[in-house]
A.B. asks: 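First the structure, then my questions, so here it is.
Indexing begins at 1, ligand by ligand and atom by atom, following the structure's order. For the numbers below, each heavy atom of this structure counts, side chains included, while hydrogens, waters and symmetry mates do not.
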Amino acid sequence: MTSETSCAAWRAIAVGLALMFAETGVHVAAAAPPNIVLIFTDDMGWGDLPGFTPESTIRTPHIDRLIREGTRFTDFYVAQAVCTASRAALMTGCYANRVGLAGALNHTSPTGIAADEELLPELLGRQGYATAMFGKWHLGMPPAFAPSKNGFDEWLGIPYSNDNTKYHPVLADSMPPLPLFDGDEVVETDPDQRLFTQRFTQRAVAFIEKHARQPFFLYVPHVMPHVPIFASEAFRGRSAHGLYGDVIEEIDWSVGQIVEAIDRLGLADNTLIIFTNDNGPFLSYGSHAGSSGRLRGGKLTTFEGGVRVPMVARWPGHVPAGRDCSTPLMSIDLLPTFCMLAGAPLPKLEIDGIDASPLLVGEENAKGRESLVFYAGSELQAIRSGRWKLHFPHKYLVVNGETRTDGKPAGYGRLAPQSITNSGIEGIASRHGYVVRELPLSLYDLETDLGETTDVAADHPDVVAHLTTLADHTRTSLGDTLTDHPGTENRPVGRNDEGP
Ligand code: MG
């Protein structure tokens with residue numbers, strides 16, 4: 001990836017914005033709060049997009065255009081490499097551990113996002129934003145946890161993952177029909193998944209058209225390309241990368257539809273569009289999963305392939321065009337950043353994210369954070385500071401042998417399915433075709449070893465000691481079951497003991 005470059009003209013605009021901010025104490029955007037569009041794919045791979053991995057043969061002209069017209073964030077992370085935890089962090093600005101959510105909720109889960117947490121749509125809605133979500137929620141199935149109870153005026157989508165259905169590779173017989181919600185009503189069961197991307201896109205465009213004169217927050221957490229993958233008739237068989245490529249090309253089409261609506265309505269200069277992803281690819285699903293490209297590991301791991309995700313932001317006249325930002329950031333930083341842009345107060349409860357708007361607008365000398373930690377469930381497995389990433393000893397998943405081309409996980413046919421309620425690493429391995437390995441303490445230099453191949457801990461004991469000290473701060477506050485830290489600041493998860 002190239003180092004940071006910038007277009008001088010945009011830099012001048014950004015510096016001007018920063019000066020205005022410094023003089024007035026009010027961000028320039030607060031006078032005209034921008035629309036915010038957040039497009040969030042599910043289980044896409046770092047290696048899938050030619051804009052991040054040039055070797056990819058998947059065609060994504062609309063995402064490529066966002067990269068040309070905006071800033072590419074090359075070191076952007078999610079808080080955990082699994083759906084629910086990643087979304088909990090995105091929506092609250094907190095490490096998922098702080099808000100008590102981990103793993104991936106399913107139809108039996110009595111838990112969800114706690115009522116005390118103030119989510120992005122709530123915070124923006126109070127500032128007069130119209131809010132909508134079209135896609136996958138995954139922060140709680142019981143009605144008390146629904147998007148409508150958490151600030152979304154409008155939503156169409158599913159409450160949990162699309163394999164929590166008759167398509168599950170080993171638990172299909174025990175799965176209920178998949179509900180499709182429109183607002184708080186179930187409007188269909190087992191909807192045609194081939195139409196998901198089109199339907200969410202149509203609703204997204206209609207929402208933009210309806211709210212063109214009012215600030216809006218549009219969240220499009222696509223169900224795809226999480227397995228089982230589907231593309232509509234218009235896209236099936238079109239890509240050079242099989243069905244998976246078709247799915248990504250349809251998502252790219254969706255991006256194009258949304259951008260076209262914003263540009264057609266004259267909203268481009270007042271709309272921040274962000275495209276990113278919830279976690280790395282579900283590698284055991286072979287050709288039905290994405291590629292991690294040069295990164296190690298994928299979904300469910302704290303290697304870069306699990307937690308580093310493509311991210312691009314476009315906001316003409318504000319976010320520099322044609323620039324790369326390699327400062328490490330995380331999805332938890334989006335909430336405080338959006339709040340700053342919208343002039344919205346931060347949540348009353350403590351959060352972990354930082355306001356990254358100076359980095360977003362390319363402010364000279366804008367700083368990132370000292371470190372980022374990577375949890376898997378309640379295990380603090382790794383920490384990054386600058387070029388260094390330290391993994392503490394932990395178990396991790398690797399694909400169980402040869403992968404397949406039929407959408408089934410590796411080892412299919414000899415998998416011993418355990419209950420869906422077994423959320424431990426062994427349970428996940430048994431359901432999805434992985435085996436468990438052990439990683440010793442390992443230090444990687446991401447500047448020279450993006451693929452986390454060579455442990456250099458023995459050469460840099462000072463770095464290991466420094467990163468360990470930094471991690472200890474988070475262990476004390478948010479806990480770590482690897483080192484028996486209970487945590488002192490974790491807040492209770494939302495619980496509905498009457499069940500979903
Ligand atoms: Mg996911």
Side-chain angles (χ1 to χ4, degrees), residues 38-49 76-92 95-96 101-107 109 112-113 133-141 157-165 167-169 178 193 196-197 200 219-230 244 247-248 251 254 274-286 288-292 295 297-311 330-332 334 374-377 396-397 399 407 409 420 423 425 428-429 431-434:
L38 177 57
I39 304 170
F40 199 63
T41 53
D42 195 339
D43 292 5
M44 194 176 70
W46 174 264
D48 296 345
L49 303 181
F76 190 82
Y77 293 94
V78 291
Q80 290 207 24
V82 64
C83 296
T84 292
S86 178
R87 286 147 212 269
L90 176 76
M91 284 288 120
T92 63
Y95 287 117
L101 283 166
L105 299 174
N106 60 63
H107 65 284
S109 305
I113 192 74
M133 184 196 100
F134 304 114
K136 180 169 102 174
W137 174 234
H138 224 170
L139 294 181
M141 172 65 187
I158 60 175
Y160 43 68
S161 288
N162 63 325
D163 65 342
N164 197 143
T165 62
Y167 298 111
H168 195 284
L178 179 67
Q193 296 207 25
F196 271 158
T197 300
F200 301 144
Y219 175 46
V220 186
H222 281 292
V223 170
M224 295 294 131
H226 191 293
V227 288
I229 53 171
F230 294 91
Y244 186 84
V247 169
I248 298 297
I251 288 172
S254 173
I274 287 181
F275 177 87
T276 187
N277 175 43
D278 75 332
N279 54 252
F282 216 164
L283 294 174
S284 65
Y285 285 80
H288 283 224
S291 159
S292 294
L295 308 184
K299 176 174 178 170
L300 301 165
T301 78
T302 49
F303 294 117
E304 295 289 291
V307 291
R308 186 190 291 232
V309 292
M311 196 285 232
M330 190 176 265
S331 55
I332 56 177
L334 293 180
F374 302 102
Y375 277 91
Y396 66 102
L397 296 166
V399 176
I420 195 170
S423 59
I425 192 168
I428 293 168
R431 286 194 296 275
H432 294 291
Y434 289 93

A.B. asks: State whether a side-chain donor-acceptor pair under 3.5 Å links T41 with N277.
C.D. replies: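 The criterion, which ignores hydrogens and geometry beyond distance, is satisfied for N277 and T41.
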A.B. asks: Within N279, is some N, O or S atom less than 2.8 Å away from the Mg ion (ligand 1)?
C.D. replies: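 Yes, N279 qualifies, because one of its backbone or side-chain N, O or S atoms lies under 2.8 Å.
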A.B. asks: Tell me, with the steps shown, if S86 and H138 meet side chain to side chain contact (heavy atoms under 4.5 Å, CB included).
C.D. replies: CA-CA 10 Å; S86 178; H138 224 170; over 6 Å; no
A.B. asks: Using a distance-only test with no angle check, is there a side-chain donor-acceptor pair under 3.5 angstrom linking Y95 and Q80?
C.D. replies: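 Judged by distance alone, the side chains do not pair up.
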A.B. asks: With respect to the Mg ion (ligand 1), please indicate if H226 possesses an N, O or S atom at a distance under 2.8 Å.
C.D. replies: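 Checking H226: none of its N, O or S atoms is under 2.8 Å.
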A.B. asks: Looking at D42, which of its N, O or S atoms is the nearest one to the Mg ion (ligand 1)?
C.D. replies: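 Looking only at N, O and S atoms of D42, the one nearest the Mg ion (ligand 1) is named OD1.
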A.B. asks: On the six-membered ring of W46, is R308 placed so that its NZ or CZ lies under 6.0 angstrom from the centre and within 45° of the ring axis?
C.D. replies: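 So R308 does make the cation-pi contact.
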A.B. asks: Check all N, O or S atoms of D43 and name the one closest to the Mg ion (ligand 1).
C.D. replies: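 Within D43, restricted to N, O or S, the Mg ion (ligand 1) is closest to atom OD1.
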A.B. asks: If you consider just the N/O/S atoms, which atom of D278 is the closest one to the Mg ion (ligand 1)?
C.D. replies: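 Restricting D278 to its N, O and S atoms, the minimum distance to the Mg ion (ligand 1) goes to OD2.
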A.B. asks: Judged by atom type as modelled, is there a donor-acceptor pair below 3.5 Å linking the side chain of H288 to the main-chain atoms of V227?
C.D. replies: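 Not confirmed, H288 side chain does not pair with V227 backbone.
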